[in-house]
Each structure stands twice: as structure tokens, then as C-alpha cells.
Amino acid sequence: MAATAADIRSALSLKEIHSAPQPKKSSSFTTKKPEGISRELYSLIGPSAPTLAAQLAKPRLKQRPNLGTAGKARWEYRSFKNPGRTDGLELRHWVKASNDANAEYPFAKYNVRPASYAYSEEEYTKFLEDSEWTKAETDHLFALVEEYDTRWYVVYDRYDFPGSERSIEDLKDRYYSVSRKLIRNQPWDGDENAKTQLLASFQFDKERELTRKKYLRSLDNRTPEQIAEEEALYVEIRRLEQNERKFKKERDELLRTLAGIESGLPDIVEDEMPVAFATDTKKKKKGGIMDLDSPLTPSSISLGPPIVKRAQTAKSAAYDAQHCIVRTDLLQTTTNTKSAHTPAYLRSFKLPIPKQAIAPKVTQALAELGILHTRLVMPTRDNCAQLEQLVEATTTLIDTKRMVDKVDYDIKVLKTRLGLREGQGDEEEEAGNHGLGPSEAGMEVDGENEPEEVVGDDRRSQSVVSTRSRKHSRRSMSISSIDTAANVSTRAVMKRQKRS
Amino acid sequence: MVNFGGDEVAALVVDIGTSSVRAGYAGDDTPKAIVPSSYGYMPVKDQDVVMGESNEPIAPKAKIYIGSSGPSIWRPGMEVANPLTDGTINDFHPITPLIRHALEDVLRCTPSEHPILVTEPTWNTPANRERMAEIMFEEFHAPAFYIANTGVLNAFAAGKGSALVIDVGQSMASVTPVVDGFVLRKAPKGLSYSQLPTLIHAHARHILTSHTSYRPAVDLIPRQLIANKAPVEPNALPRFTVREDRLPGTTNSWRMWAERREVDEWIQSVAGVLEQGWNDQAAASRPLKQYEFPTGFNTAFGHERFQVGEQFFWHSPQLAASNPNLPKTIPSLITESLRACDPELRQVLMGNVVLSGGMSLFAGFADRLNSELARSFQHVKIHAPGNTVERRYGGWLGGSILASLGTFHQLWISKEEWQEHGRPIVAQRCK
């Protein structure tokens with residue numbers, strides 16, 4: 001016997017509130033069963049899956065695009081005639097049935113002939129006589145030119161008039177000169193402009209063509225070495241030109257920075273050298289390059305002239321004094337390297353800063369006097385100079401004080417040791433200490449370098465006395481490191497003394 | 001229909017080469033029918049005696065075997081011949097059956113319904129092209145005919161109007177300058193083509209059949225004459241039995257054809273050329289290539305295989321001295337051809353070098369050609385199709401393009417014109 005929920009509720013004496021209305025609710029939901037979901041499935045999953053139901057709705061496809069309603073194109077296998085043909089050949093091809101059957105063949109329009117000039121017997125004898133050309137040969141030439149549509153290479157290739165050897169230039173010259181004469185002499189019913197244009201299009205300069213061909217041939221006949229040399233020269237010229245341009249640009253920039261735009265220096269004539277160079281490359285090759293190379297080295301550039309200090313006239317001096325203008329000398333060591341260039345700056349940016357090592361002490365010392373050295377309320381030239389002096393003085397003072405402290409301390413220590421040595425025979429513990437040798441003693445002295453620990457010295461030696469065996473190793477280590485530091489400091493002191 | 005200037009009139013394109021006859025519809029990108037040019041025939045002995053004086057190699061009614069089941073099938077007493085000599089048609093008797101086989105048996109079309117475009121090499125004779133026109137009009141009843149130069153067609157296949165076409169086929173290598181769709185013929189005859197591939201073949205054959213210290217001479221017995229064979233170790237003597245029953249019926253020409261094919265297959269799969277010129281170390285450093293002959297003999301070929309290709313580009317002075325009629329190498333063909341051209345054209349031609357022909361697929365050929373040309377010319381651009389079909393059948397492809405152009409259809413020689421003007425019309429129309 002299975003216990004129902006109601007049984008358990010009654011056993012736990014819980015109210016049976018929901019048991020009765022629940023089936024009613026669900027039945028009310030079933031009536032709203034969404035579309036596209038089967039009854040069985042709905043009764044299983046209930047109303048708790050609305051998203052699923054929405055997805056189960058039958059998908060609707062996008063409408064098919066309408067690709068023209070004209071229907072299928074009909075094609076026909078038709079025969080056609082080509083107007084370019086003189087015979088009645090009819091070929092067959094597929095065309096759209098909608099096309100006009102009687103339309104002209106679409107490719108007929110490409111069948112064009114170039115305009116050529118015909119001459120009569122009379123005209124030939126009148127205008128076209130030439131000692132080198134017979135009429136038959138001229139006819140042959142004109143026929144060929146027309147046949148091959150003025151493709152001159154082909155015309156020349158197919159030209160085989162018996163007993164004559166003609167170059168392609170001969171052929172062109174004859175054809176164009178004859179055409180020109182015909183245009184000039186045949187009746188012309190158009191404006192003169194068109195006639196001159198037409199004449200220009202039939203212009204041919206045989207000599208020039210021959211020279212050009214000759215040049216081409218010589219280009220072709222270069223040996224690989226010559227080509228390589230030419231190439232190298234060309235690259236060299238390009239390089240030099242580029243350097244020249246770069247140099248000029250840098251120089252301009254420099255002048256602008258140093259002396260203002262109106263420095264009054266003449267521009268370097270840029271084109272001069274390459275032109276001269278190009279005229280006879282080969283001759284100039286050896287010397288020219290060396291000459292051109294020299295201005296590239298910056299050291300040889302005389303940058304001096306533009307920075308020459310302009311002489312101060314009395315008038316300008318007075319003006320300066322009136323307006324509190326102070327002119328500073330430019331650094332003469334200026335080179336044109338990038339790092340050496342100093343841009344304009346505010347004087348207050350260049351306030352003196354004490355050395356890093358003693359900066360806090362300087363600050364402390366000045367603070368005692370109530371001076372803030374990092375910032376000036378009025379950083380005039382004089383004020384800056386005074387501050388600089390002040391900081392310098394303070395630094396010196398602190399340095400001196402440190403040195404004095406150190407020397408004082410040394411004296412004190414040495415005195416203490418002297419005292420200890422004098423009284424060593426009386427104390428047995430000190431005898432053991434003595435056995436360690438002079439190095440140990442020296443180390444001990446160096447160990448108490450810092451002034452603050454001067455007081456603690458006695459106490460420490462006492463502790464050594466009591467715990468000597470235990471601490472020995474550790475102390476010797478620390479002592480050795482301190483020893484070197486002390487040496488350095490003493491050396492520094494000596495240096496300083498030498499300098500002063 | 002008018003797209004790209006094309007107007008297809010269902011023309012047929014027939015390209016006859018030494019190795020094969022290619023036929024197909026204009027507008028296609030590959031020939032549909034590729035038939036070997038070599039054919040087998042049974043000599044008619046009785047007639048031979050009767051005809052006596054006739055120097056025609058076969059009687060018209062002799063039985064001819066054409067196509068893939070032609071010469072490659074062994075038949076007792078069958079002779080094998082090739083209608084082409086040096087790239088031009090020498091014997092017109094088998095030409096009609098060959099074309100008929102390609103058009104009617106393979107393409108299955110009626111030739112009388114289609115205009116036909118045929119190709120010819122640059123050195124074709126006027127008599128030959130007129131004979132071809134005659135065959136097309138009189139025997140195939142073609143409505144229209146045109147004969148076009150393979151050099152021009154190769155340039156068209158590469159999409160160029162002006163080009164220097166280097167065509168290396170099975171028997172001939174040629175260099176043809178094409179300008180504006182016309183071949184320049186000013187160069188004296190015989191300058192721009194040579195039998196170089198034949199020399200390559202002979203050289204390869206010599207290498208294979210000569211005994212060396214590292215391998216025995218190779219026996220070029222074709223598979224049709226071998227009854228059975230046993231696998232052997234590389235370089236070991238082959239163990240095979242010859243079909244003794246076939247030996248008496250084997251003709252000399254068939255044997256030559258079959259051996260030729262063995263050598264060609266070896267060239268195609270093993271031989272190569274060094275890209276940067278001959279260098280003993282480079283040749284030795286290349287990997288060996290294994291090859292097995294029909295006898296079962298197999299070995300790995302090292303530097304020998306590169307010696308073969310070297311003949312394309314360079315002949316040793318000893319060889320040249322002992323053989324005065326040595327065919328010209330590719331570089332000398334190019335030089336001769338360019339020398340005959342206008343200096344203005346040289347730049348144009350060298351910028352449009354078109355490589356074509358089946359033998360140009362020789363391993364390393366294009367690279368070597370490039371390095372050879374780059375040595376003597378400044379701006380060289382070689383158009384070498386990577387697609388083997390385009391490379392082998394470049395002439396056919398150009399014909400396919402030409403015959404499907406709308407502007408071309410006024411150039412056809414129609415049957416009417418042929419009947420009216422006769423043979424001279426061919427030279428007038430096809431320049």
C-alpha cells in the first residue's frame with residue numbers, strides 16, 4: 001500500500017489546501033494548448049515549456065525570390081551570313097529566338113579597313129616619281145600595307161619585291177611620303193585643320209628613326225660588363241643625389257635652429273653637381289665620386305660662419321640693459337649631431353640639484369634655515385645664480401662636516417685602542433684577543449665606522465669578551481665586508497683632499 | 001552569345017602532330033579526341049610486286065590499324081609507320097583515315113556539317129597545306145576550312161598577340177617569333193627549328209643500351225613480346241621469357257616503334273635537366289630515380305638522367321666536332337631567331353616567351369630555360385602553362401579560341417570559294 005501525498009499530509013497534520021484546486025487549474029491550461037504540440041507531449045511537459053512550444057511551431061521558409069517572370073528563353077539554331085564575306089557561306093550558331101533574324105551580324109562592325117590612298121597613273125607621274133622606286137614596287141608596297149593593315153613588321157617580313165632590298169624605314173618612308181603628297185594634292189573637301197592633322201599623322205622622319213634604331217642596337221650589343229658598370233654608376237648617382245638631398249635638408253634644419261631662418265647663407269645648388277656628373281659619367285667616374293663624397297662627412301662642414309657672434313653695438317647693449325635681456329654665448333662645441341642639440345628652455349627648469357647621495361642632508365640643512373631650494377618664486381637670472389651658489393655652499397658644508405666627523409671618530413677609536421694596548425697585560429681575557437693577530441684588531445676598528453655606534457663600542461667589546469667563542473665566525477664575516485667599505489671611504493677622502 | 005567576342009559555330013579543330021592527332025570542338029578547353037599519329041598496317045604483298053615502280057609506302061586499300069588499339073596491339077606481320085616526318089605531313093594516305101577516326105569514331109560527328117580548322121607548323125610547304133584543304137573539301141565535304149600556324153595558335157592560347165613561341169614537340173623543336181598574330185618568316189629557312197627532340201631520344205637510347213661499369217646494358221624488349229618475368233633485385237640481370245611464337249611475325253618497324261616508346265617512357269619518368277646548368281656535384285647530389293623496364297630489370301638512375309636533358313641546351317665540343325649536322329640547341333635557336341628580328345621587337349618578344357609542346361614538360365626544362373635566358377637578356381618573362389594539357393596541346397587550344405571568335409568567321413575558306421578559285425585561295429587567305 002503506497003502512501004499518497006494526502007496521507008503524509010494528514011499524518012503530519014498539514015493543511016490540504018492545494019490538493020483540491022490543482023487538477024482544475026491544469027485542466028484550464030490544457031484548453032490553451034499551443035499550436036504545433038501534440039496532446040500527449042503537452043500532457044507530459046505541461047504548461048511549463050512555453051519557449052519549447054514556440055519553437056515547435058512549423059517553421060516558415062523565406063519566400064522564393066522572383067527571378068523574372070518572362071519564363072524560359074528560347075534559343076534557335078540559325079544560319080547567318082557574314083557581311084564581311086564576298087561568298088555566300090552560311091554558318092550556323094545558337095541565338096535567342098527573340099533576336100531579330102534579319103539583324104546585321106554583330107561582329108561585322110569590327111571589320112574595318114584603314115584609310116589608304118590610291119593613285120592613278122597620271123598622279124604617279126605627276127607627283128610621286130622617285131629615282132629609287134618604280135611604280136610597280138610602289139604598288140606592291142601599297143598592296144601589302146593594305147593587306148596587313150599597316151602592321152609594319154609583318155609588311156617588312158612579307159616584302160619580297162624581286163631585285164630590291166629595303167629596310168623597314170625605307171618602306172615606311174616611301175609609304176608615308178606618298179600618302180602625304182596625295183593628301184596635299186588630291187582635292188580636299190573639308191576644313192584645313194583636319195587636313196593638317198591628317199598630314200601630321202602621316203609624318204615620318206626616316207633619319208630620326210634610323211638613329212633611334214642604331215641606338216637601340218648599340219644598347220642591345222652591350223656586354224654584360226658594360227651593363228653591370230652602367231647599373232653600378234646609376235645606383236651610385238642615385239645614392240649621391242639622395243645623400244645630397246638629405247644633407248641639404250639637415251643643414252637647413254640646423255640653420256633654422258641655430259641662426260633663425262634668415263641666416264643669409266646661400267643655398268647649396270642641388271642640381272649643379274648631378275648634371276655635370278651625368279654629362280660624361282665615364283670620365284668623371286674616378287674623380288667625381290671622391291669629390292662628391294667629401295661634403296658628406298659632417299666634420300668638414302664649416303658651420304662656423306653662421307654662428308659667429310654678432311658684434312654688439314652700443315645701441316643694442318643699451319636696449320638689452322633696459323629690457324633686462326641677457327645674451328648668452330652659444331656653446332662653441334656644438335656639432336650637428338642630434339644629441340648635442342639643445343632646444344630653448346626655461347631657466348627655472350635648470351635649477352641646480354644637489355648630489356643624489358647627500359640630497360636629503362642638503363634639504364635638511366636648508367630647511368633648518370627655512371629655505372625651499374627646489375622651487376623659486378621668482379626664478380630670475382640673479383636669483384637662480386644665488387640659489388646655485390647657496391646649494392653649492394651647502395653641499396660643500398655638508399661634505400666638510402662629514403669629513404670632520406669621520407676624522408674625529410678615527411682619532412677617538414685610535415685613542416681607545418691605544419689605551420687598551422697599554423693596559424693589556426693586566427687583563428687575561430684580552431690576552432686571548434691579542435692572539436688573534438693584528439688583522440682582527442684592525443677589523444674591529446673599522447667595524448665601528450658609523451658615528452652613532454661610537455657609544456656602543458664599549459658594550460660591544462664587552463659582549464665579545466663574554467661570547468667570543470660562540471660569535472667568532474659570524475663576526476669575522478661581517479668585519480671583512482665592512483673593511484673594504486672603509487677602505488673605499490678613506491680613499492675617497494684622500495682624493496678629495498688632493499683636489500682641494 | 002557575344003560574350004568575350006565569342007560566336008560558336010560548332011567548328012572543329014584538328015591539330016596533327018608527330019605524337020598524336022588532336023581533334024575537338026572549337027570553344028572547348030581540351031581536345032575531345034586524342035589519337036596516336038602512328039598507325040599499323042598490313043603490307044599488301046601482291047600489289048607491292050605489281051605496283052613496282054610506285055614509291056608510295058602503302059597501297060591505299062591496305063588494312064590500317066588506328067587509335068589506341070592500333071600499333072600498340074601486336075599483330076603478326078604488322079608494320080608501323082608515322083605519316084609525319086620532321087613535323088610535317090610526308091605521307092597523306094593515312095591522314096584521311098586518321099582524321100576520320102578522330103572525327104567520326106571518337107567525336108561521333110558528321111564532318112560535312114562543321115567548318116574545320118587545321119594547324120600547320122611554320123615550315124609547312126604550300127603543297128602540303130593545299131593538299132590538306134583538298135582532303136577537307138573533297139573527302140570530308142567540310143563547308144569551310146582554314147589552316148592556321150601552330151606558332152600563332154600557341155601565342156593565342158597564351159592570350160598574346162605577339163610572342164616568341166618555343167615549341168618542343170616529339171620530333172621537332174622550334175622557335176617562332178609571332179608579331180600581331182603573324183609569323184615572321186624573314187629568317188632564312190631552317191634557322192628557327194631543329195630535330196633536337198630526336199637527338200634527345202637517340203641520346204637516351206644510347207645511354208640505356210650501352211653497358212657501363214655500374215649497370216648492364218638495358219634490353220628494350222617491349223612488353224608485348226614478353227611471356228613472363230620474375231621480380232629481380234635492382235641492377236640484377238632480368239629473368240624473363242620471350243614469346244618465341246611472336247618473334248618471327250614481328251616486323252622491324254613495329255619493333256622500332258615499340259622500343260621508341262620504351263625510351264620515351266623512360267625519358268618522361270626519369271630524365272631531367274639541371275636548372276642551373278651542368279655541374280657534376282649538383283647532378284650527383286640529386287636523388288636517384290628508380291625505373292623498371294618491361295623485362296623486369298630495374299635500377300636507380302643518378303647523374304645519367306640529367307645528361308639527357310643537357311642536350312637541349314648545350315652540346316659538348318667533341319660531339320659537335322664528330323657530328324656536323326647536329327641539331328641546334330634551344331639557346332642557339334632563340335639567338336638565331338632574334339637576330340633576324342628588328343631590334344625594337346626583341347624586347348617585346350623576350351617579354352612574351354611562350355613555352356609549349358609535350359617535350360617541354362621535360363623535368364626542369366622551364367627553369368633551365370629561364371636561367372639560360374636570364375643570362376643573356378635583361379627582361380625575360382616565360383609563359384609556361386602549369387596545366388599539362390594546355391602545355392601539350394597549346395596549338396589545338398589556340399585553334400579552339402580562334403575558331404570560336406565572332407570576328408574570325410569572315411576568314412574561313414568556304415567550299416564555294418574553293419570550287420571557284422581552287423588551290424591558290426589557301427595561300428591568299430591563310431597567311
Side-chain angles (χ1 to χ4, degrees), chain A residues 73 75-96 99 105-112 144 147-160 165 167-169 209-210 212-224 227-228 230-231, chain B residues 1-3 5-11 27 113-115 143-145 161-162 177-187 338-350 375-378 403-421 425 428-429 431:
Chain A
W75 289 74
E76 278 181 359
Y77 197 51
R78 279 188 204 154
S79 65
F80 67 97
K81 271 195 156 190
N82 193 330
R85 301 189 63 92
T86 51
D87 62 338
L89 175 70
E90 290 202 354
L91 295 167
R92 294 166 72 80
H93 63 177
W94 285 99
V95 275
K96 270 187 182 165
N99 283 13
Y105 186 56
F107 291 100
K109 63 175 178 237
Y110 298 110
N111 183 23
V112 284
L144 269 180
E147 194 174 336
Y148 292 104
D149 291 350
T150 62
R151 290 184 177 92
W152 282 108
Y153 298 116
V154 185
V155 170
Y156 170 65
D157 190 71
R158 303 287 197 272
Y159 192 84
D160 54 347
E165 275 293 318
S167 71
I168 187 166
E169 285 78 24
E209 280 291 296
L210 282 173
R212 198 173 62 86
K213 283 274 167 70
K214 206 171 137 196
Y215 176 64
L216 262 180
R217 228 169 243 128
S218 73
L219 270 185
D220 267 358
N221 292 338
R222 287 175 303 174
T223 62
I227 292 173
E230 239 169 71
E231 202 97 314
Chain B
M1 164 205 144
V2 196
N3 283 345
D7 181 16
E8 298 191 5
V9 295
E113 290 173 1
H114 305 275
F145 165 82
S162 302
V178 176
V179 174
D180 287 338
F182 289 94
V183 174
L184 298 188
R185 303 171 197 269
K186 204 79 170 181
L338 281 185
R339 192 172 293 160
C341 287
D342 196 272
E344 232 173 349
L345 280 174
R346 288 177 197 159
Q347 281 297 323
V348 178
L349 293 177
M350 287 323 285
R375 211 172 293 156
S376 36
F377 300 97
Q378 276 189 305
S404 61
L405 284 179
T407 44
F408 172 72
H409 299 320
Q410 72 181 72
L411 284 175
W412 292 107
I413 300 168
S414 69
K415 191 159 191 174
E416 190 186 329
E417 283 170 317
W418 170 256
Q419 282 160 352
E420 193 181 327
H421 302 279
I425 183 82
Q428 269 177 43
R429 192 61 59 79
K431 287 153 191 160

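Computed from a prediction, not measured in an experiment: that's the story for all the values here.
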Handout entry: Best-contacting candidate, Q347(B), H114(B), R346(B), against chain A by heavy atom pairs under 4.5 angstrom
Key = R346(B)
Fill in the blank from the handout: Here the gap from E416(B) atom CD to L89(A) atom CG, rounded to the nearest 0.5 Å, amounts to 8.0 Å
Fill in the blank from the handout: When rounded to the nearest 0.5 Å, the distance separating CD1 of I168(A) from CG of L345(B) is 7.5 Å
Practice task
Would you mind checking which part of D87(A) comes under 4.5 Å of any heavy atom in chain B, side chain (CB onward), backbone (N, CA, C, O), both or neither?
Solution key: both
Fill in the blank from the handout: Between P115(B) and L91(A) the two heavy atoms that sit nearest each other are CG-CD2, 3.4 Å
Practice task
Sort R78(A) into side chain, backbone, both or neither according to what part of it lies under 4.5 angstrom from a heavy atom of chain B.
Solution key: neither
Practice task
Give a yes-or-no answer on whether the side chains of H93(A) and D7(B) include a donor-acceptor pair shorter than 3.5 Å.
Solution key: yes
Problem - Atom CZ of R222(A) with >12 non-hydrogen neighbours under 6.0 angstrom - result: yes
Practice task
Heavy-atom distances under 4.5 Å only: say whether L219(A) touches chain B with side chain, backbone, both or neither.
Solution key: neither
Handout entry: chain A contact via K431(B) - side chain, backbone, both or neither, heavy atoms under 4.5 Å
Key = both
Problem - Part of L411(B) within contact of chain A (heavy atom distance under 4.5 Å) - result: backbone
Fill in the blank from the handout: Whatever's closer than 4.5 Å to a heavy atom in chain B on S167(A) counts as neither
Practice task
State, with a plain yes or no, whether a side-chain heavy atom of F80(A) is found less than 4.5 Å away from one of V9(B).
Solution key: yes
Practice task
Let me know if I413(B) has heavy atoms under 4.5 Å from chain A in its side chain, its backbone, both or neither.
Solution key: backbone
Problem - Atom of S414(B), atom of R85(A) and distance for their closest heavy-atom approach - result: N-NH2, 3.6 Å
Exercise for the section: Examine distances only and state if a side-chain atom of Y105(A) and a backbone atom of G406(B) form a donor-acceptor pair shorter than 3.5 Å. Expected result: yes
Exercise for the section: Please work out which of the three classes, parallel, tilted or perpendicular, describes the rings of F182(B) and Y148(A), given edges at 30° and 60°. Expected result: perpendicular
Completion exercise
Nearest heavy-atom contact between L184(B) and R158(A) is CA-NH1, 4.3 Å
Completion exercise
When the 4.5 angstrom heavy-atom criterion is applied to E344(B) and chain A, the contacting part is both
Exercise for the section: Check whether the side chains of D342(B) and Y156(A) place a donor and an acceptor atom closer than 3.5 Å, and report yes or no. Expected result: no
Completion exercise
Scanning both residues in full, the closest heavy-atom pair of Y77(A) with A10(B) reads OH-CB, 3.9 Å
Handout entry: chain A interface, residue from K415(B), E420(B), H409(B) that has the most non-hydrogen pairs under 4.5 Å
Key = H409(B)
